[in-house]
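Below is one structure, written out as structure tokens, with a few remarks after it.
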2 protein chains.
Amino acid sequence: MPRASVDRTDTRQRLVDAAAELAHQQGFHRTTLADVAQRSGVPLGNVYYYFKTKEALGEALIERLSTMFTMAREVWESHADPRARLGAFIQSTVENSKVVAERGCSVGTLCTDLRKGDSPLLEHASTLFTNLLKWLESQFRSLGKGPESRDLALHLLSAVQGASLLAQTFKDPRYLLRETRRLKEWVQSV
Amino acid sequence: MPRASVDRTDTRQRLVDAAAELAHQQGFHRTTLADVAQRSGVPLGNVYYYFKTKEALGEALIERLSTMFTMAREVWESHADPRARLGAFIQSTVENSKVVAERGCSVGTLCTDLRKGDSPLLEHASTLFTNLLKWLESQFRSLGKGPESRDLALHLLSAVQGASLLAQTFKDPRYLLRETRRLKEWVQSV
DNA sequence: GTCTATATGTGGATAGAC
DNA sequence: GTCTATCCACATATAGAC
């Protein structure tokens with residue numbers, strides 16, 4: 001009994017992982033189910049056993065990003081000091097700068113893609129940013145920033161997202177590294 | 001003789017205008033030549049008389065954005081003070097906030113789209129950002145910021161681009177307005 | 001649960017009449 | 001220069017054998 005159940009989970013997970021990687025590289029809309037099937041080593045028709053539609057696969061993909069955010073947040077919260085937590089958040093982007101220069105931010109580019117396609121998935125995907133903004137805001141509040149914390153969170157996320165977009169456009173991680181250096185100093189001094 | 005020549009120019013321009021608007025709304029990749037033809041009131045086959053390929057239409061679209069940048073820059077430079085010029089740059093985004101919340105930044109979303117598609121057009125499109133960064137940098141240099149000007153330009157553009165992305169994601173211009181207010185204060189105090 | 005074959009629709013591009 | 005008809009490739013989705 002565990003056998004079949006485990007295999008099912010494995011195959012399903014492989015499909016979601018492949019979809020996530022391909023969507024990050026090529027965009028969700030450009031990624032075909034044939035691409036996903038091939039990378040997962042699964043015949044095309046089989047994809048529909050696990051996901052009735054491409055949109056259903058998209059939902060699973062967003063869930064996966066949500067899980068990854070939760071894990072990253074735990075790492076950031078391993079620091080006690082809110083300033084160090086914000087620094088750890090920025091550091092995550094630094095460590096990802098090569099990938100970001102190649103494919104952009106996985107969440108930012110996904111939301112842009114979904115918005116252009118007017119996809120109902122955007123509603124779900126945008127909660128990823130909402131949750132991140134809430135977390136950033138709570139760190140600034142812990143620093144005693146009060147009501148301004150909301151705008152400070154927005155400023156930090158905007159700068160990271162914009163720098164990611166530029167690094168991606170110029171295919172050069174240094175744009176992201178230059179901006180994150182500035183942001184780290186800003187977090188320490190704010 | 002002027003007749004035919006004028007008509008040709010008109011039709012061609014209508015196609016580029018339609019392509020620009022549709023690409024901004026739906027993304028360049030999702031925009032079909034049939035869409036462009038219909039909005040221009042031109043039969044599909046006719047598009048190929050003016051543009052051999054979709055990519056050629058894309059080039060014309062980028063040229064159009066380049067022209068619009070030049071015009072915007074002239075407005076910004078109607079101010080003598082560099083700080084006022086930077087303020088005018090930010091103000092352009094404020095005035096565009098409703099459109100940006102609906103479709104994103106026309107340049108930023110285009111570059112993301114082209115990068116995901118690994119399009120050769122990205123090389124051309126990225127010069128739009130290069131030119132904007134150069135202009136911003138020269139304003140900071142006029143303020144006596146020296147070598148740091150390059151990073152200051154990057155910071156300003158990053159913040160605007162990131163805020164545009166978030167406003168677009170949440171379909172709410174207020175994200176952009178909150179961040180531009182902060183940026184205007186920053187430009188005055190920097 | 002797994003796989004092949006295919007229906008259905010769409011998009012870039014071309015041919016060729018007018 | 002303008003327009004219709006169409007080719008060809010590909011993408012989502014389904015049918016149905018195994």
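All chains are named by letter (A, B, ...) in the order of the sequence lines, taking the proteins before the strands, and each is independently numbered beginning at 1.
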TODO: Find which nucleotide of DNA chain D each of B:Gly45 and A:Ala34 is nearest to by heavy atoms, and output the residue with the more 5' nucleotide.
DONE: B:Gly45
TODO: Starting at atom NZ of A:Lys54, determine the distance to atom P of D:dA13, rounded to an integer number of angstrom.
DONE: 8 Å
Open item on the list: Which nucleotide wins on minimum distance to the side chain of B:Leu33, given the candidates C:dA13, C:dG1, C:dC3?
Closed with: C:dA13
- [ ] Could you work out which one of C:dA13, C:dT2, C:dC3 sits closest to the side chain of A:Pro43?
- [x] C:dC3
Open item on the list: How many whole angstroms separate atom OH of B:Tyr48 from atom C1' of D:dT2?
Closed with: 16 Å
- [ ] Establish, for the pair A:Lys54 and A:Phe28, whether the NZ or CZ atom is under 6.0 angstrom from the six-membered ring centre and no further than 45 degrees off its axis.
- [x] yes
Task: Side-chain H-bond candidate by donor/acceptor type, B:Trp76 with B:Gln91, under 3.5 Å - done: no
Task: B:Asp10 CG to D:dG1 P, straight-line distance once rounded to whole Å - done: 12 Å
Task: Short side-chain donor-acceptor distance under 3.5 Å, B:Thr93 and B:Asn96 - done: no
Task: Options C:dG12, D:dA13, D:dT12, nucleotide nearest the side-chain atoms of A:Thr32 - done: D:dT12
Open item on the list: Could you check whether A:Arg178 makes a cation-pi contact with A:Tyr175, meaning its NZ or CZ is under 6.0 Å from the centre of the six-membered ring and within 45° of the ring axis?
Closed with: yes
- [ ] Find the distance A:Tyr49:OH to D:dT14:P and express it as a whole number of Å.
- [x] 16 Å
TODO: Write down the distance between CZ (A:Arg30) and C1' (C:dG11), rounded to a whole number of angstrom.
DONE: 13 Å
- [ ] Mind calculating the distance between CZ (B:Arg12) and P (D:dT2) to the nearest angstrom?
- [x] 13 Å
TODO: Could you check which of C:dG12, D:dG1, D:dT12 has an atom nearest any side-chain atom of B:Tyr50?
DONE: D:dG1
Open item on the list: In this structure, how many angstroms lie between the P atom of D:dA11 and the CD atom of A:Gln38, rounded?
Closed with: 11 Å
Task: Rounded distance (Å) that lies between atom P of D:dA5 and atom CG of B:Asn46 - done: 15 Å
